[in-house]
Amino acid sequence: MQTPVPKLSRREFFQLGSIGVSGYHLLPMLNPVNVQASSKVEPRGGAEVVVLLFLQGGPSQLDTFDVKEGAWTPQDFDIRTVKPGLKMPIGLLPNLAKCTDKYTIVRSMEAWESEHARGTYYLQAGRIFSPARVSEIPSVGALIAYESETKRKTTDYLPPFVSMNFSPTQLVGSGVLPANFGPMAMFTADSPPFVVPEAERSVFDRRLGLLNTLDRSWRSKDSGRGRVFADANQYYEAAYPLLKQADVSKLFRVSTEDHQRYGASNLGDACAMARNLIEADAGTRFIFIAHDGWDLHAKAYDKSSKNNQYTLCRDLDGALPAFLAELEQRKDAEGRRLIDKTFVACMGEFGRTPGELTLNKGRDHYRFAAVGLFAGAGVKGGQILGATDAIGSKVTEVGWSKARSIYPEDVLVTMYSTMGIDWTKRITNTPSGRMFEYVENLAPTGYMKFEEIRELFA
Amino acid sequence: MTRFLSSYAALTISFSVVCSAESPPRKHPPTPKGALESATALTGEVAGRLPASEKREVARKNYIDDSIFDKIKADRIPHAGLSSDSEFMRRVYFDLWGRLPDPDEVRKFLADARTEKRDKLIDNLLGLDYKEKPGHDDYKGPWLVEEPFLSKWTYWFSDLFQNGPQGVEGRNAFRQYIRFFLKFNLPYDVVVREMLTATTVSAELSGPANFVIRNQVDGFRDADVMHEDTCDEVAVASAKAFLGINLECISCHDGAGHLEKINLWLTQRKREEFWRQASFFGNIRVFRPSLAGQEFVLLEGPALRPETHWTAGGNGYNTSAPSVLRIPRRKADVTPTFLLTGERGTAGVNPRQEFARMLTSHPQFAKATVNLIWSAMMTVGIVDPPFGWDLARQDPANPPPAPWTIQPSHPELLEALATDFRKSGYDLRHIIQVIAKSSAYQLSSRYDGVWKPEYDRYYARKLVRRLSAEEIYDAIAKSTNVFTPISVAGVGKKVNYVMDTYGPNDVSESGMRQFLDFFGQSNRKTALPEVRPGSLIQASLMLNSDIVKSRVKISTKDSRVQMLLAKQPPLTNAQIVEELFLSTLCRMPTEDEKKTSAAFLEQYRDKGLEDLHWSLINKLEFLFNY
């Protein structure tokens, strides 16, 4: 591109940014970045991992955590007041209704987009999709991975950013940041390709030996074919620690008991694996879990359709309470509860049309009201922030110190804050020459200062 | 739940990723005498450790070479020698057919002593050697083209047009349309005009109508049809595919104040101008008569029965209509006007026809098209990325203000290719042939001297391309001879190669799905095809997934290794090694490789054979067109 980018050498970068030496550090450093803070803020800190549970497709706010009763409501939603100010659909979310002390519900959320691809992008990148900048915008997960690099221990062997059950074609990657901070994407239903079965380990080692003999010259920097092959080899080098690590197979395997305990679904399996990764404390900082199917345009309440409000809620209700409970019970080496160092956010890309169902007996995309659920890392459980009108169509109480609804960027600021990251930082040497701000104070509607959702915390 | 299509076409902008980068400076062994003598490079540079077969003198084959090597010579840039025969063969097979050649074909080609054998192979792969085929006279013509060529390029154009999200019937019709225009080698301008102007009562009855239909935008609310959003999407898609220009930015806001560091021409463009281009499509109506179904209708003009839900559109472009994809529009003059020339449509003539005429007769259409094909074969476009044209930076006689520079690396070559394309009657196969036959295309990727990154834009060596997801999968299948039949949706046939499928949705088996996704197969919905950057998952899939592991087993039916062991009379270890190298890497093993491999087979016998095949597939060269 046109603007010359002052480049740090690889060595300088590591002196500034890193102390670790695991396979990840061998990846090509194509874009050393120049980061500056713009103003003084005090990040809250305390979290070491962020889990973003993404309800893909856009969950209906009024059929989940901001339940509204009307002529449309099926009897078996069994909506009851579980405590003052909180009604829950017991028929859909029985377990979540039992553990409301573990999380805070936010009912005053709004989204900027009302189309999936754009909304999904917005959530991952924290900003509007820009065709001119898409290749240089890193995702939230990549930034958190990058910012957490200094905490990486020499013994860490897990990727800093893990994505589960989300299509790699829609996943926002590392952008301007080095590729090693990008997501390692996997699907819980597939056997993870980086786990070598116990019975095959000796064969694998023998094959690797042969490969290394046969391919040495191609993989060397002196191949005579430019840097391409040596660069590609870095990804192999990054894969070997995982492929050779016997413990990895345990982390990415869900036992029958866990599978049942987490509600016997892909979402449950992903949560069980996330628990393993957090407990292993081996370098993972951001876990993105997608739960697809919430785009219920038609037959939303029809139990005979493949995805419906009942099946989706069953998955969520099976997985999330178990996940939160186990994070509470389990402790790290220093005796700290895992929940205290894990910030958990659960939300979709937007809400759904309020009130009566549509002609198709479903709900369409809607961005003016949505719900989010937050827990861990100091989040005070049992709260409900914000409120909407009788049919869930607009925010009537914002529920926090600002005079406006809560947007995805505010969630983003909160994530950075819990991770101890200064969210006013920006990267100045992007390829396009345009500044990349960690959080852009420019909403699609104009200037807007985004804030930490302080009210979440005790 | 596919009631609502994600019609938003462009979450990524780059079509290909450059896989070439600098070689670090290093010390070189003294150049052997003999090599020096053969190293009469155009620049007089001294060769490094080039094998004797790779002489650095290259013959100029056509106007492409004049341009490329004149510039190399003028700027005293070193360049690589010509590729070896096996490198060339593998390269041209992937670029033209998307797959590896059979081992016997490789042997035959290597043994062929004719000097014109490369030209012959190119003609053969393109189906242009019909005169030589016994039993076929001239009259039968060039549509006797081989199926793999059609598959690869049909797939390529299907990706370009993002054919798929409009539903299976429409997708299949469009796919067949593309295959036929390639098969009969129809003039590309005619094809594009047809795609921009077709109407149909059903997507499955008209292939070309699917170009527009595919971009239809639903309102994501009951009964909403976002007519103006559809016009916008078609305007973006057509400018991108046919003019190489990315109008996405100015579809939301003026260029000024946004694109100063990105695109000089676009900084001078206004959102209103974009609307005026989109409004060429103002009179169309694209809708699904049945809300629950995936049947599309594309008609012209306003609806006659206003009570129905699918009446939106047909009345021109209305800037006060709501948008689900873009920030609100404002009032403006939206008389259909061509963005590149300011020409307005003739009154009384269908605006879409006017747009199609203006677009295909504009020089940018030919230039963008040849550049796109060039970038597919040469890894980097003369204008790169090929969808990022900056029209204010094209004319060397009229350079842009500093710090901007002229965008194309070889403006005169672009001009020459475009002229050739026009004069040939917009003949796509001709352009592919001209590029493939040039020495510039046939240079080696190997250069043992000091290489600087700026040499890349001279095309002074073959710029290495990571194979596409589909090419890698198919190469594994072909090399091992183990195919997993894939059902083509709505057609009821099974195919062995991913490249023969009609789109990514045909692959549902989870292991295969995972493999293709992670190597960057386009979903033709939100993403253009791209060479996804390397990842440890890709490496793990090669090293440890069943896509490779199960296929190198002797116990797997008809696997290459099983067949090699079953040969009568039995093959020697050396023969087996040679066969595996030819079928997997399209080349003979080096002496070292022969020794290592044969010794390994000696030691581990049958298990060693599986290991060897696994290792060859995991050699890095397997993943690249180099």
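Owing to the predicted nature of the structure, the values given are computational and were not obtained by experimental measurement. A, B, ... follow the sequence lines: proteins, then strands. Residue 1 opens every chain.
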Answer with side chain, backbone, both or neither: which region of A:Leu208 has an atom nearer than 4.5 Å to a non-hydrogen atom of chain B? both
Which portion of A:Phe229 sits near chain B, non-hydrogen atoms under 4.5 angstrom: both
Ring center gap for A:Phe194 and A:Phe252 short of 6.0 angstrom: yes
Considering only residues two or more places apart or on different chains, which pairs with a residue in residues 157-185 of chain A satisfy salt bridge (Lys or Arg N to Asp or Glu O under 4.0 Å)? none
Which atoms of B:Tyr604 are under 4.5 Å from chain A, going by heavy atoms: the side chain, the backbone, both sets, or neither? side chain
With only heavy atoms counted, which part of A:Leu243 is less than 4.5 Å from chain B, the side chain, the backbone, both or neither? side chain
Interchain contact, B:Ile547 with chain A, by part (heavy-atom threshold 4.5 Å): neither
B:Tyr626/A:Trp218 aromatic ring centres below 6.0 Å: yes
Candidate list A:Gln56, A:His365, A:Gln170, test side-chain hydrogen bond (donor to acceptor under 3.5 Å, both in side chains), partner A:His116, passing option: A:His365
Could you have a look at A:Pro193, A:Ala239, A:Pro197 and say which one has the most heavy-atom pairs with chain B under 4.5 angstrom? A:Pro193
Residues which pass side chain to side chain donor-acceptor pair (under 3.5 Å) with A:Ser174, listed by chain and number, not counting sequence neighbours: none
Which atoms of A:Thr445 come close to chain B, meaning under 4.5 Å heavy atom to heavy atom: side chain ones, backbone ones, both, or neither? neither
Charged N to carboxylate O under 4.0 angstrom, A:Asp364 versus A:Arg352? no
Using heavy-atom distances under 4.5 Å, tell me whether A:Asn233 contacts chain B through its side chain, its backbone, both, or neither. both
Measure distances from B:Val552 to the heavy atoms of chain A and classify the residue's part below 4.5 Å as side chain, backbone, both or neither. side chain
Is B:Leu259 in contact with chain A via its backbone, its side chain, both, or neither, using a 4.5 Å heavy-atom distance? both
Measure distances from A:Val172 to the heavy atoms of chain B and classify the residue's part below 4.5 Å as side chain, backbone, both or neither. neither
Check whether B:Glu260 reaches the backbone of B:His258 with its side chain - one donor and one acceptor, N or O, closer than 3.5 Å. yes
Can a donor-acceptor pair be found, under 3.5 Å and without considering hydrogens, that links the side chain of B:Thr379 to the backbone of B:Leu463? yes
